[in-house]
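Here is the structure we will look at.
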2 protein chains.
Amino acid sequence: MAIEHAILVSLLEQPGSGYELARRFERSIGYFWTASHQQIYRVLKRMENDGWVDVRDVPQHGRPDKKEYSVADLGRAALSSWLHEPVEPESLRHDLAVKIRGAAFDDPATLIGEVERHRQAHSERLARYLAGEERDFTGAEARRPAAAPPDAGRELQHVVLRGGIAYERMTLAWLDDVLATLHRLVPER
Amino acid sequence: MAIEHAILVSLLEQPGSGYELARRFERSIGYFWTASHQQIYRVLKRMENDGWVDVRDVPQHGRPDKKEYSVADLGRAALSSWLHEPVEPESLRHDLAVKIRGAAFDDPATLIGEVERHRQAHSERLARYLAGEERDFTGAEARRPAAAPPDAGRELQHVVLRGGIAYERMTLAWLDDVLATLHRLVPER
DNA sequence: CTTGCCTATGCAACGAGTTGCATAGAAGGA
DNA sequence: TCCTTCTATGCAACTCGTTGCATAGGCAAG
């Protein structure tokens with residue numbers, strides 16, 4: 001119900017093509033909302049028909065032309081009205097949790113490798129988030145003169161990123177808990 | 001890709017009807033995997049056709065008869081093979097994060113009420129989880145004689161619940177961070 | 001020179017999930 | 001008495017998201 005809105009936000013932060021949006025969804029925006037390029041193209045077309053976005057053909061040399069999308073007035077209005085209506089607090093879809101409870105009816109040892117894999121993946125995500133934070137928010141380069149006006153967009157992007165960091169840290173701690181529990185249940189004789 | 005597996009785990013823990021499963025999905029299992037009754041009935045029918053579950057008609061007095069499902073050998077095998085194959089580390093779908101970044105292009109003040117609502121909902125979830133932990137795992141009633149064999153299923157259910165608790169605590173702390181950030185951006189003059 | 005990757009856009013088919021509606025008897029409160 | 005809630009099962013329509021495939025030029029490595 002909200003891919004449109006994620007795209008609107010991303011295009012407001014920076015206009016771009018479907019392809020560029022797809023890459024952003026692999027990075028910043030995608031940290032808390034994923035989308036494949038097929039889906040993005042389909043939704044962009046619908047948004048164009050609804051007058052939410054404007055398109056501009058951008059010829060390029062050495063690579064295919066692209067269509068640069070930007071947010072139209074109708075799109076801005078749609079985003080605004082969505083921001084004013086309540087959304088449900090999210091609920092988790094956690095395959096791994098199902099597997100862990102399922103392990104009671106199988107050999108818990110088979111899960112150890114899987115949990116370690118997830119731990120690795122989350123550890124890499126955390127490293128990426130922290131690098132992004134250092135680069136964009138807390139690094140020396142990122143610091144601006146004290147007189148500069150506080151930038152609401154920057155502040156809000158940062159607090160969302162802090163959420164991602166907190167999530168990954170919590171998940172890593174939990175996965176360690178899971179591993180300790182599994183090792184207790186499977187004493188390697 | 002895994003509602004079937006969540007149902008199999010739930011039925012292995014305790015056989016039951018579609019209606020009972022739907023209620024479990026509102027409680028324990030549903031803490032990390034949600035499903036509506038319509039979906040559950042549809043999937044149960046498919047699982048029955050595939051021979052993953054057995055059905056038994058249970059006549060009741062004073063209320064409609066029910067169909068009690070239990071896991072068949074094929075279902076157990078399907079669960080086992082799923083447990084042995086890797087799943088992708090989950091990625092978040094967080095409407096609120098999109099809204100927060102979107103607030104940069106609208107009035108951030110409108111979000112404060114929404115964030116407080118989410119805070120309230122997560123606070124209630126945490127209270128429910130903690131009550132469940134006290135009741136089933138750490139309470140005096142729950143304690144069993146030291147000589148009792150360690151129950152793998154119980155241990156695994158508990159570590160999953162600890163994950164839910166950690167998630168809610170982390171989310172509450174983050175929402176406080178978000179609220180502080182929003183109040184900083186909207187100094188109520 | 002061929003193989004594979006990167007940019008760039010898109011269709012078609014399928015599967016998963018949501019929303020709305022329907023049925024039906026029993027129990028309990030206004 | 002009527003209205004709502006609870007138990008219990010299910011269909012139909014729709015939207016959302018994934019997977020597989022297709023096209024096509026440029027660029028770099030082997």
Worksheet item: When you match Pro64(B) and Tyr69(B) each to their closest nucleotide on DNA chain D, which lands nearer the 5' end?
Response: Pro64(B)

Worksheet entry | Separation of atom CD in Gln39(A) from atom C1' in dA13(C), rounded to whole Å | 15 Å

Worksheet item: Looking only at heavy atoms, what is the nearest atom pair of Tyr41(B) and Gly18(B), with distance?
Response: CE2-CA, 3.9 Å

Discussion item. Is the distance from the ring center of His94(B) to that of Trp174(B) below 6.0 Å?
Written reply: yes

Worksheet item: Taking atom P of dT9(D) as reference, at what distance in whole Å does atom NZ of Lys67(B) sit?
Response: 8 Å

Practice prompt. Mark yes when over 12 heavy atoms from residues, nucleotides or ligands other than Asp73(A) sit less than 6.0 Å from its CG; otherwise mark no.
Written response: no

Item to complete: Write down the distance between CD (Glu68(A)) and C1' (dT7(C)), rounded to a whole number of angstrom.
Response: 15 Å

Discussion item. On the side chain of Arg42(A), is there an atom forming a donor-acceptor pair with the base of dT15(D) - under 3.5 Å, no angle test?
Written reply: no

Worksheet entry | Contact under 4.0 Å: Arg23(B) side-chain N or O vs dT7(D) OP1/OP2 | yes

Worksheet item: Once the angle between the rings of His5(A) and Trp52(A) is folded into 0 to 90°, is it parallel (under 30°), tilted (30 to 60°) or perpendicular (over 60°)?
Response: tilted

Worksheet item: Would you call Glu90(B) and Arg93(A) a salt bridge, using N to O less than 4.0 angstrom?
Response: no

Practice prompt. Kindly compute the distance separating CD (Glu20(B)) from NZ (Lys66(B)), expressed to the nearest 0.5 Å.
Written response: 3.5 Å

Worksheet item: Rounded to the nearest 0.5 Å, what separation is found between the OG atom of Ser17(A) and the CD atom of Gln60(A)?
Response: 7.5 Å

Worksheet item: According to a strict under-4.0 Å criterion, is Ser17(B) in side-chain N/O contact with OP1 or OP2 of dT7(D)?
Response: no

Discussion item. Taking only side-chain N and O atoms of Lys66(B), does any of them lie within less than 4.0 angstrom of OP1 or OP2 on dT9(D)?
Written reply: no

Worksheet item: Looking only at side-chain N and O atoms, does Tyr41(B) come under 4.0 Å of OP1 or OP2 in dT9(D)?
Response: yes

Worksheet item: Looking at Gln60(B), does any N or O in its side chain come under 4.0 Å of the phosphate oxygens OP1/OP2 on dT7(D)?
Response: no

Worksheet item: What is the distance from CZ of Arg24(A) to P of dA8(C), rounded to the nearest Å?
Response: 12 Å

Worksheet item: How long is the line joining CG of Asp65(A) and C1' of dG10(C), in whole Å?
Response: 15 Å

Worksheet item: Given dG17(C), is OP1 or OP2 found less than 4.0 Å from the side-chain N or O atoms of Thr34(B)?
Response: no

Practice prompt. Starting from C1' on dC16(D), measure out to CD1 on Ile7(A) and report it in whole angstrom.
Written response: 13 Å

Discussion item. Side-chain N or O of Tyr19(A) versus OP1/OP2 of dT7(C): is the shortest distance under 4.0 Å?
Written reply: yes

Response to the item:
By nearest-nucleotide position on DNA chain C, the 5'-leaning member of Arg46(B) and His37(B) is Arg46(B)

Practice prompt. Round to the nearest Å and state the distance from Leu21(B) atom CG to dG10(D) atom C1'.
Written response: 15 Å

Worksheet entry | Any N/O donor-acceptor pair, Gln38(B) side-chain to dG20(C) base, under 3.5 Å | yes

Worksheet item: Taking atom CZ of Phe137(A) and atom CZ of Arg162(A), what is their separation to the nearest 0.5 Å?
Response: 9.0 Å

Worksheet item: Quick one: is Arg93(B) getting a side-chain N or O under 4.0 Å of the dG17(D) phosphate, OP1 or OP2?
Response: yes

Worksheet item: What is the distance, rounded to the nearest whole Å, between atom CZ of Phe25(A) and atom P of dT18(D)?
Response: 12 Å

Worksheet item: Between the axis at one end of the helix from dC1(C)-dG30(D) to dA30(C)-dT1(D) and the axis at the other (five pairs apiece), what's the angle to 10 degrees?
Response: 30°

